[in-house]
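For reference, the structure is listed below as structure tokens.
Counting convention: from 1, in listed order, for ligands and their atoms alike. Worth saying up front: this structure is predicted, and the values here are computed from it rather than measured.
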Amino acid sequence: MSVTVIVGSQWGDEGKGKIVDILSERYDLVVRYQGGANAGHTVEIGDKKFILHLIPSGILRENVLCVIGNGVVIDPKALLDEISLLEGMGINIKGRLFISHNAHLIMPYHKLLDSLNESGSSKIGTTGRGIGPCYIDKYARKGIKIVDLLDKKVLEEKIKQNIAENNNLLKKVYNEKELDVNQIIKEYLEFDDAIDQYITDVPLYLNSAMEEGKSILLEGAQGALLDVDFGTYPYVTSSSPTSGGACTGSGIPPTKISSVIGIVKAYTTRVGLGPFPTELLDDDGEQLRKIGAEFGATTGRPRRCGWFDAFLLNYSKMINGIERVAITKLDVLSHFDNIKVCVGYEINGKRLKSFPTNENQMMQVTPIYESLPGWKSELSNLTSYDQLPSEAKDYLQFISQQSGFEISMISVGPKRDQTIEL
Ligand code: GDP
Ligand code: IMO
Ligand code: MG
């Protein structure tokens, strides 16, 4: 029995969807444990492209069961849209999807408050999916959970109470129009009818599955540097994408986790605001964005691009307990004559001993680079490590040495067969 956690090791969009799709062939269950529809996990199979936001990427393998854990915040409309889109593409969902009764619901006022906060002075560059405000209510113990959908009276009462509070806020603080309680109650009662069939006691379900010897893949969303505790706060998301979040967001105890695999892009990207020491604001950055098609899978925003940051990866490896990594998008680097790798940071000429997540320090750091020769040849049709040009092998060896991880998989294109296992 194996229980493996897949974590985004940088600022998200590392290619988790593609790697989870590949690995899920070897697992019985795939579980999402945090985040919400802010995630956009892309899987390309043949000429079909799937972008998953809430449903685990394992759904594309017929024999795999999929679970949404308590740590996820669920926008029921986004969920139902995703279910019907997938069903329209021939994917069976019924009987294969299980949703934790303890997951929290994203309400219309969460999305509204998310966009109002973003128009103020403390902009983060969020995805606007209501993620932060929903987690605020969860921790303020005011949230509405999936289980509340099961009791019409409870649901009505909770919605009324929350809307009364939020209408007050919308009117008095934001000078906005009040929300229509009855309309929202009606809408959520309809969601109830559609979602009831998926609601499950997930901790019990997963622990029973493990007792029966089933294997589980836990699919993180976002990335370590977007973690609310370990990321570049305040420019983070509001959940725990790091491996620890896999336990609290699913009900699988830490003693049952057998390994942690980090998904690592061969360079660095970030969407939204916040420090990014190796960001390239020149033509090289533009080339990475263009060749790597670096535009958000959820919002379509251009992603900020930069060189690989081994100092950051060292930190990510430490807080996640990463044992092995899958390197993605190595093919994108084929364009460059020389490729830089950040091996440390300095402030005023003084080299830092440890990775700073503090905003002020992060804004002041200067990356220390080493330059490696590029390979200037197509990688996307290669199927084994031996076929890689020697410069590409040297690059992989250098980043793995500098970051302190072992590479177990290399991705050279978005499709399933563009993957090299070591
Ligand atoms: P996720 O959020 O971590 O699942 O990543 P995204 O789906 O947001 O972004 C990764 C993008 O890169 C998607 O468009 C993938 O189809 C694509 N992709 C994944 N692996 C590779 C690769 O090895 N090479 C190239 N060129 N594209 C890849
Ligand atoms: P996947 O799972 C990249 C970023 C947003 C913003 C910050 C907070 O596809 O890797 P939020 O809406 O969560 O409150 O936004 O986090 N962000 C992501 N960046 N990939 C993601 O998900 C992201 N989800 C959120 O851009 O900077
Ligand atoms: Mg993504």
Could you tell me if [Y] and [X] have a donor-acceptor pair between their side chains, going purely by distance under 3.5 Å?
X	Y	result
Tyr345	Thr366	no
His110	Asp137	yes
Asp148	Tyr188	no
Asp28	Ser215	yes
Thr242	Asp227	yes
Thr126	Asp114	yes
Lys265	Thr269	yes
Asn358	Tyr233	no
Trp375	Ser334	yes
Thr299	Arg129	no
Gln222	Gln34	yes

- Begin with the C-alpha distance, continue with both residues' side-chain angles, and end with the deciding distance and a verdict on side-chain hydrogen bond (donor to acceptor under 3.5 Å, both in side chains) for Arg270 and Thr232. CA-CA 11 Å; Arg270 153 161 226 176; Thr232 45; 3.2 Å; yes
For ligand 1, which is the ligand I care about here, please tell me if [X] has any N or O atom under 3.5 Å from one of the ligand's N or O atoms.
X	answer
Lys16	yes
Ala297	no
Leu330	no

Backbone or side chain, does any N or O of [X] fall under 3.5 Å from an N or O of ligand 2?
X	value
Asp13	yes
Ala221	no
Thr127	yes
Gln222	yes
Arg301	yes
Val271	yes
His41	yes

What atoms of ligand 1 come within less than 4.0 Å of a heavy atom belonging to [X]?
X	value
Glu44	16 (O)
Gly413	20 (N), 21 (C), 22 (C), 23 (O), 24 (N), 25 (C)
Lys18	20 (N)

Within a distance under 4.0 Å of any heavy atom of [X], pick out the atoms of ligand 2 and give their elements.
X	value
Ala39	1 (P), 2 (O), 9 (O), 22 (O)
Val236	7 (C), 8 (C)
Gly272	27 (O)

- Task: Answer yes or no: are there more than 12 heavy-atom neighbours, outside Glu25 itself, under 6.0 Å from its atom CD?
- Result: no
Report the member of [options] with the shortest heavy-atom distance to [atom].
atom	options	result
atom 15 (C) of ligand 1	Thr42, Val332, Asp13	Thr42
atom 6 (P) of ligand 1	Gly40, Gly12, Gly17, Ala266	Gly40
atom 17 (C) of ligand 1	Lys49, Gln418, Lys415, Lys329	Lys329

Can you tell which part of [X] has a heavy atom less than 4.0 Å from ligand 2: side chain, backbone, both or neither?
X	value
Thr299	neither
Trp11	backbone
Lys16	side chain

- Quick one: look up the protein heavy atom nearest atom 18 (C) of ligand 2 and list residue, atom name and how far away it is. Leu226 CD1, 3.6 Å
- Query: Looking at atom 13 (O) of ligand 2, what's its closest protein heavy atom, distance included?
  - Reply: Thr237 OG1, 2.6 Å
Contact between ligand 2 and [X] is defined here as a heavy atom of the residue under 4.0 Å from a ligand atom; is it met?
X	value
Gly125	yes
Gly40	yes
Arg129	no

- So which of the N, O or S atoms of Asp13 lies nearest the Mg ion (ligand 3)? OD1
- Among Gln10, Lys340, Glu294, find the one that has a side-chain hydrogen bond (donor to acceptor under 3.5 Å, both in side chains) with Tyr267. Glu294
- Message: Which residue is it: Lys16, Glu219, Lys18? I am looking for the one with a side-chain contact (heavy atoms from CB on, under 4.5 Å) to Ile263.
- Response: Lys16
- Message: Suppose we only count N/O/S atoms under 2.8 Å; would Gly40 qualify as near the Mg ion (ligand 3)?
- Response: yes
- Message: When you measure from the heavy atoms of Ala293 to every atom of ligand 1, does any distance fall below 4.0 Å?
- Response: no
- contact_flag Arg303 ligand 1 heavy-atom lt 4.0 Å: yes
- Using the six-membered ring wherever Trp is involved, compare the ring planes of Phe355 and Tyr315 and label them parallel, tilted or perpendicular (cut-offs 30° and 60°). parallel
